[in-house]
Amino acid sequence: MKKHNFYAGPSILPQYTIENTAKAMHDFAGMGLSLMEISHRSKQFIAVVEEAQALFRELLNIPEGYSILFLGGGASTQFCMIPYNLLNKKAAYLNTGEWSKKAIKEAKFFGEVDVVASSDDQNFNYIPKDFKIPADADYFHITTNNTIFGTEILEDIDSPVPLVADMSSDIFSRPVDVSKYAIIYGGAQKNLAPAGVTFVIIRNDILGKVDRPIPTMLNYKTHIDKDSMFNTPPVVPIYAALQTLQWLKSKGGLTEMEKINKEKAQMLYDEIDRNKMFKPTILNPADRSRMNVCFVMNEGFEEKEKAFNDFATERGSVGIKGHRSVGGFRASLYNAMPVDSVKALVQVMQDFEKQA
Ligand SMILES: *Cc1c(COP(=O)(O)O)cnc(C)c1O
């Protein structure tokens with residue numbers, strides 16, 4: 001049976017990425033060796049890193065003055081590296097969910113943290129709108145897509161101080177005005193590659209402003225100076241990321257991706273709104289994530305939750321169980337998810353309603 005992969009992360013990747021990476025496991029770049037057993041300093045692998053950086057620049061239209069890094073440690077290590085490198089006295093954070101909270105916790109090790117607004121009063125089911133970014137903050141941190149709660153900041157906001165964004169789960173899902181950001185970072189395992197590589201797009205001129213000494217591996221400058229080759233970078237996930245970037249370009253880039261992502265998300269939200277058995281957890285359509293669509297059983301149908309999960313799984317729609325802090329369901333519709341898979345889930349919801 002065809003599987004429709006709705007897992008939140010690690011998650012669906014293009015067949016192109018999976019097949020080319022599998023081939024390179026046996027023979028990378030005609031070297032007669034596996035991608036797993038070659039030097040990261042071989043000219044063939046340096047070419048991979050350079051092409052991946054070039055495609056980052058092309059797809060996201062990254063201006064001059066930014067570096068693109070491929071690091072280990074996950075987005076979670078960035079929660080610490082960002083304040084380590086940027087927080088001199090005070091940083092501002094927007095609290096929109098679990099990942100924001102984790103980023104805030106790390107920043108507090110380094111200085112004062114001003115949480116300018118939070119949606120924790122309603123279990124993070126909206127994006128706060130009325131907040132003021134303090135002009136004396138060293139930077140302002142946001143999480144653009146809240147993978148767990150299913151909200152998303154779809155506008156590139158204007159910030160009077162350097163803007164730092166965790167885009168782990170919506171990178172490459174739409175065009176972004178990179179010039180508005182000082183740092184964009186994320187774990188690759190939601191929308192780009194298998195787990196193991198973290199991308200960081202960083203404006204070079206924001207560094208060098210803190211007084212504290214920074215350990216070598218946690219200092220962005222180390223990795224900028226050595227072009228992500230200070231130590232051994234995650235070779236296999238970087239190769240896979242390059243395949244996804246090539247695939248994105250062949251699909252028409254981010255304007256086209258955004259069009260398809262809007263269509264897929266709308267299709268599913270429409271069915272959640274229509275189907276009497278379900279209701280959305282995010283009520284304001286402007287705040288709804290296109291990547292992670294969260295919904296729960298409607299009043300009167302609460303006891304059918306497990307039955308629906310089994311019903312969907314039996315029909316090939318896998319990975320829809322919601323995060324424990326929200327419950328219900330979460331269907332993740334990353335770039336690689338075909339429109340037909342969303343149609344299949346909508347059909348499953350309609351069939352479930354009919355037989356109930
Ligand atoms: C998954 C996720 C993270 C955590 O990433 P790791 O690479 O596992 O550290 C951080 N932020 C967001 C928005 C995520 O979706």
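Whatever order the structure lists them in is the order used to number ligands and atoms, beginning at 1. Note: hydrogens, waters and symmetry copies are ignored here, and every other heavy atom, side chains too, is used. Just so you know, residue 1 is the first one in the sequence shown, and it goes up from there.
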message: With respect to S76, determine whether any N or O atom, backbone or side chain, lies less than 3.5 Å from an N or O atom of ligand 1.
response: yes
field: Pairing of E50 and K43 as salt bridge, 4.0 angstrom limit
entry: no
- prompt: More than 12 heavy atoms of other residues, nucleotides or ligands under 6.0 Å from NZ of K321: is that the case?
  reply: no
- request: Quick one: look up the protein heavy atom nearest atom 5 (O) of ligand 1 and list residue, atom name and how far away it is.
  value: A75 CB, 3.5 Å
- prompt: Looking only at heavy atoms, which two atoms of V197 and P237 are closest? And how far apart?
  reply: CG1-CB, 3.6 Å
task: Measure from NZ or CZ of R315 to the centre of the six-membered ring of F311, then state whether that distance is under 6.0 Å and the direction lies within 45° of the axis.
output: yes
message: Distance under 4.0 Å to a non-hydrogen atom of F79: what atoms of ligand 1 satisfy this?
response: 10 (C)
query: Short question: side chain of D138, backbone of K89 - any donor-acceptor pair under 3.5 Å?
result: yes
- request: Output the list of atoms in ligand 1 that are nearer than 4.0 Å to some heavy atom of G74, sorted by atom number.
  value: 7 (O), 9 (O)
message: Under 4.0 Å from a heavy atom of Q189: which atoms of ligand 1 are those, numbered in the order shown and with their elements?
response: 5 (O), 6 (P), 7 (O), 8 (O)
field: Atoms in ligand 1 with a heavy atom of N145 nearer than 4.0 Å
entry: 13 (C)
- prompt: Heavy-atom contacts under 4.0 Å between K190 and ligand 1: side chain, backbone, both, or neither?
  reply: side chain
query: In the protein, what heavy atom is nearest to atom 15 (O) of ligand 1, and what distance, to one decimal place, separates them?
result: T147 OG1, 2.4 Å
Nearest protein heavy atom with distance in Å, relative to atom 11 (N) of ligand 1: D166 OD2, 2.6 Å
query: How about E155: does its CD atom have over 12 heavy atoms from other parts shown lying under 6.0 Å from it?
result: no
- prompt: What part of Y185, side chain, backbone, both or neither, has a heavy atom within less than 4.0 angstrom of ligand 1?
  reply: neither
query: Can you find a non-hydrogen atom of Q78 under 4.0 Å from ligand 1?
result: no
- request: May I ask you to check whether F308 and F278 place their ring centers less than 6.0 Å from one another?
  value: yes
task: Please indicate whether any nitrogen or oxygen in T143 is less than 3.5 Å from any nitrogen or oxygen in ligand 1.
output: no
query: Think K105 forms a cation-pi with W99, using NZ or CZ under 6.0 Å from the six-ring centre and within 45 degrees of its axis?
result: no
